[in-house]
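Shown next, in structure tokens, is the structure this report addresses.
Here the structure is a predicted model, which is why all the values come from computation and not from measurement. Each residue takes its place number in the sequence, starting with 1.
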Amino acid sequence: MVRRTKEEALETRNSLITAALEQFCEKGIARTTLSDISAAAGVTRGAFYWHFKNKAQLFEALWAQLRNPLEELAELSENPQEPRPMEKLHELIVLLLQTVVSSPVHQHIFRLLINRNDLEGELQEIGEHMQLMHAQFRARTQRMLTNAVNQGQLPVGLPVGLASYMLHSMIDGLIANWMAGDKQVDMHVEAPIMADAMLVMLRQGFVSAD
């Protein structure tokens with residue numbers, strides 16, 4: 001009976017996360033209410049509060065689930081024991097670009113990320129969480145680049161902090177331009193070429209012309 005109760009609780013929690021994903025895609029994160037999510041999941045508001053204290057906490061659980069496919073590649077690339085971190089970083093960039101293109105909820109999340117300073121009230125907590133995630137991912141990228149330097153895949157002396165900043169700026173810029181309506185480039189198809197260009201810049205862009 002205890003096991004069944006735990007299974008039912010997990011099922012309800014997963015139903016809420018799934019419902020939130022559907023509602024966020026349909027209405028956007030800001031316009032989705034707790035009542036919308038609860039109704040879509042077929043549970044009461046009380047059941048919602050049993051699992052999550054507010055929409056921000058639910059959002060964190062949803063985002064943790066959504067980023068799982070990216071986590072394995074990120075962990076491999078930042079692992080000092082990984083012999084070819086640049087290949088893993090390339091795969092990560094491609095997967096990231098293709099995921100955003102194909103996933104409306106990732107597009108909503110990206111919009112929140114670049115406009116997080118405008119979030120107010122309950123959504124401010126989401127903005128703060130996303131700001132922390134952004135900083136953590138940039139730190140992880142620096143570890144990835146450091147691994148690549150140590151493995152001889154990037155030049156010795158590469159300023160990894162600056163390189164990480166530039167890499168993030170290029171990725172953010174590509175996604176922002178695509179989302180702004182510049183669909184002339186099929187980013188899902190061209191993602192490998194875009195990733196190649198970024199990593200060539202890291203290999204060559206900091207080399208002195210002298």
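V185 and L95 fall within a single hydrophobic cluster, where Ile, Leu, Val, Met, Phe, Trp and Tyr are joined by side-chain heavy atoms under 4.5 Å apart, directly or via other members. L154 and L162 end up in the same hydrophobic cluster when Ile, Leu, Val, Met, Phe, Trp and Tyr side chains are linked at under 4.5 Å. Transitive grouping of hydrophobic side chains (ILVMFWY, heavy atoms separated by less than 4.5 Å) keeps V94 and M86 in distinct clusters. Note on L158 and M201: same hydrophobic cluster, where clusters join Ile, Leu, Val, Met, Phe, Trp and Tyr whose side-chain heavy atoms are under 4.5 Å apart, directly or indirectly.
In this structure, Y49 and L34 have side chains that are in contact, with non-hydrogen atoms separated by less than 4.5 Å. Residues P85 and M144 are not in side-chain contact: their nearest non-hydrogen atoms beyond the backbone lie 4.5 Å or more apart. In this structure, K88 and N79 have side chains that are not in contact, with every pair of non-hydrogen atoms separated by 4.5 Å or more. The shortest side-chain heavy-atom distance between R13 and F52 falls under the 4.5 Å cut-off. You'll find the side chain of I93 reaches within 4.5 Å of the side chain of L97, heavy atoms only. Contact of the H168 side chain with the F137 side chain is registered, since non-hydrogen atoms from C-beta on lie closer than 4.5 Å. Side-chain contact between N147 and L89: absent, with no pair of heavy atoms (C-beta onward) separated by less than 4.5 Å. At a threshold of 4.5 Å between non-hydrogen side-chain atoms, the residues Q153 and R84 count as touching.
Taking all atoms of both residues into account, the shortest heavy-atom contact from V160 to Q142 is O-CG, 3.9 Å. Nearest heavy-atom pair, S15 versus A41, reported as atom, atom and distance to 0.1 Å: O-CB, 3.8 Å. Residues S38 and R45 come closest through the heavy atom pair OG-CD, 3.8 Å. Taking every heavy atom of both residues into account, L202 and A163 meet most closely at CD2-CB, 3.8 Å.
Of the inter-residue distances, the one linking L92 atom CG with H90 atom NE2 reads 11.0 Å to the nearest 0.5 angstrom. F48 CZ to K55 NZ: the interatomic distance, rounded to the nearest 0.5 Å, is 9.0 Å. One finds the CZ atom of F59 at 11.5 Å from the OG1 atom of T32 (value rounded to the nearest 0.5 Å). From L96, atom CG reaches atom CD of E91 across 13.5 Å, with rounding to the nearest 0.5 Å. If you take OG on S103 and CD on Q98, they are separated by 13.0 Å, rounding to the nearest 0.5 Å. Between L145 atom CG and T141 atom OG1 the span is 6.5 Å, to the nearest 0.5 Å.
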Practice task
Run the numbers on Q57 and K53 for side chain to side chain donor-acceptor pair (under 3.5 Å), then give the verdict.
Solution key: CA-CA 6 Å; Q57 190 177 76; K53 69 176 184 179; over 6 Å; no
Practice task
Would you check, one step at a time, whether the test side chain to side chain donor-acceptor pair (under 3.5 Å) holds for S169 with D172?
Solution key: CA-CA 5 Å; S169 297; D172 289 351; over 6 Å; no
Exercise for the section: Check step by step if side-chain contact (heavy atoms from CB on, under 4.5 Å) holds for M198 and L174. Expected result: CA-CA 11 Å; M198 294 181 205; L174 282 171; 3.0 Å; yes
Practice task
Would you sort out whether N14 and E11 count as a side-chain contact (heavy atoms from CB on, under 4.5 Å), showing the intermediate values?
Solution key: CA-CA 5 Å; N14 289 336; E11 183 178 343; 5.9 Å; no
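Checked against salt bridge (charged side-chain N to carboxylate O under 4.0 Å, His left out), E75 has no partners two or more places apart in sequence or in another chain.
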